[in-house]
Amino acid sequence: MALFKRKTVGRPGEWFFNVETGTVEEGPQSAGKNRMGPYASREEAARALETARERTSEWENDPRWHEKGGETGRG
C-alpha cells in the first residue's frame, strides 16, 4: 500500500474522456492512463474516440509520413 497517493490536478472547466469506462468526466477524476484530454467542453470530450480516429486517418494518409525514395519522410 502506498503511503502517499498522487492527486490528479486539473482546472475547472476541463473535460476528459475515460477510455476504461466510456464516460466523460469533469476534471481529471481517473488515472492518466485511462483518460484522454483535456477538452474545452463536454461535447468535445464525448467525441474523443471519434476525433482520435479522424486524426489517425489523417496521419496515415499524410504523404509527409511515408517513405519517398528511401527516405522516411521524417525531418
Side-chain angles (χ1 to χ4, degrees):
M1 178 162 78
L3 295 175
F4 301 99
K5 185 176 180 181
R6 178 181 279 179
K7 286 185 80 173
T8 54
V9 179
R11 293 181 216 144
E14 288 184 330
W15 296 89
F16 296 84
F17 181 78
N18 184 317
V19 296
E20 187 174 70
T21 64
T23 59
V24 173
E25 305 171 345
E26 185 172 12
Q29 298 174 20
S30 57
K33 68 179 184 175
N34 295 329
R35 67 178 189 257
M36 297 172 71
Y39 296 94
S41 69
R42 174 181 282 279
E43 293 75 24
E44 285 182 37
R47 291 189 68 242
L49 293 178
E50 184 178 341
T51 301
R53 277 189 219 94
E54 291 169 359
R55 290 178 180 166
T56 298
S57 178
E58 289 173 10
W59 173 81
E60 288 173 342
N61 295 308
D62 187 336
R64 294 176 295 176
W65 291 99
H66 297 284
E67 292 185 27
K68 299 178 198 172
E71 296 178 15
T72 62
R74 296 182 184 144

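Since we're looking at a predicted model, the values are computed, not measured. Position 1 is the first residue of the sequence; numbering continues from there.
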Between [atom1] on residue [X] and [atom2] on residue [Y], distance to nearest 0.5 Å:
X     : Y     : atom1 : atom2 : result
Trp15 : Glu43 : CH2   : CD    : 8.0 Å
Glu25 : Phe16 : CD    : CZ    : 8.5 Å
Asn18 : Asn34 : CG    : CG    : 5.5 Å

(message) Using only atom types and a distance under 3.5 Å, with no angle test, would you say the side chain of Arg35 pairs donor to acceptor with the backbone of Ser30?
(response) yes
(message) Under the rule for side-chain hydrogen bond (donor to acceptor under 3.5 Å, both in side chains), what residues qualify as partners of Glu50, not counting sequence neighbours?
(response) Arg47
(request) Using side-chain hydrogen bond (donor to acceptor under 3.5 Å, both in side chains) as the criterion, list what pairs up with Arg53, not counting sequence neighbours. (result) none
(request) Carefully, step by step, assess Met36 and Leu49 under the rule side-chain contact (heavy atoms from CB on, under 4.5 Å). (result) CA-CA 9 Å; Met36 297 172 71; Leu49 293 178; 3.8 Å; yes
